[in-house]
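Below you'll find the structure, written out as structure tokens, and then a few comments.
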Amino acid sequence: MSEIRAIVVSPEEAYDGTAELWCGPELMGITMLSAGGLQLRIDPRADGGPWLIDVTSLMRALDEANRLIAAY
């Protein structure tokens, strides 16, 4: 199981609440702002299989996404 990493690639994306969540070499999903706050959209895997996500890794990545967005 790969560690999930969060990245924010620009100030504009941070302003929109967008952080990318990567699982190994695959983009797993993105965060986005909505009226209810920050949400996570998980995209389907390229091979159609299910994502098996380590919840501790996901929590860390979401915390990092919040921190990176706030840093801009």
Side-chain angles (χ1 to χ4, degrees):
M1 198 174 314
S2 295
E3 184 77 14
I4 299 171
R5 303 178 332 276
I7 63 168
V8 174
V9 298
S10 71
E12 294 81 16
E13 285 197 353
Y15 180 78
D16 292 336
T18 302
E20 297 175 354
L21 296 176
W22 289 83
C23 185
E26 294 183 79
L27 179 61
M28 182 185 80
I30 63 168
T31 62
M32 61 185 69
L33 287 177
S34 73
L38 197 64
Q39 294 185 341
L40 173 61
R41 184 186 86 201
I42 298 176
D43 296 323
R45 282 180 35 164
D47 65 4
W51 284 103
L52 298 174
I53 301 168
D54 176 72
V55 294
T56 302
S57 178
L58 179 59
M59 286 187 325
R60 281 190 217 126
L62 290 172
D63 285 343
E64 179 69 359
N66 274 322
R67 187 190 69 71
L68 292 170
I69 290 168
Y72 282 95

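These numbers come from a predicted model, not from an experiment. Below, each value reflects all heavy atoms present in this structure, side chains not excepted, and no hydrogens, waters or symmetry copies.
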(request) Identify the heavy atoms of L68 and A6 that sit nearest to each other, and give their distance. (result) CD1-O, 3.5 Å
(message) How close do T31 and G17 get, counting heavy atoms only, and between which atoms?
(response) OG1-O, 2.7 Å
(request) Kindly indicate whether the side chain of M32, heavy atoms from C-beta on, has any atom under 4.5 Å from the side chain of D16. (result) no
(request) Please examine the side chains of I30 and E13, heavy atoms only from C-beta on, and report whether any two atoms are closer than 4.5 Å. (result) no
(message) So I4 and D54, do their side chains get closer than 4.5 Å, heavy atoms only?
(response) no
(message) Could you report the tightest heavy-atom contact between R5 and G24, atom names first, then the distance?
(response) NH1-O, 3.1 Å
(message) Tell me whether L58 shares a hydrophobic cluster with W22, the cluster being built from Ile, Leu, Val, Met, Phe, Trp, Tyr side chains joined at under 4.5 Å.
(response) no
(request) Flag the pair R67 / D63 as yes when at least one side-chain heavy-atom distance between them is below 4.5 Å, and no otherwise. (result) no
(request) Quick one: closest heavy-atom pair of E26 and W51, and the distance? (result) CB-CH2, 3.8 Å
(request) Using a 4.5 Å cut-off on heavy atoms from C-beta on, say whether the side chain of I42 contacts that of I53. (result) yes
(message) Quick one: does any side-chain atom of R60 pair with a main-chain N or O of V55 as donor and acceptor, under 3.5 Å?
(response) no
(message) Are more than 12 heavy atoms, taken from residues, nucleotides or ligands other than Y15, located less than 6.0 Å from that residue's OH atom?
(response) no
(request) Can you see which heavy atom on R45 is nearest to which on P50, and at what distance? (result) NH1-O, 3.2 Å
(request) Determine, stepwise, if the pair I69 / L38 fulfils side chain to side chain contact (heavy atoms under 4.5 Å, CB included). (result) CA-CA 10 Å; I69 290 168; L38 197 64; 4.3 Å; yes
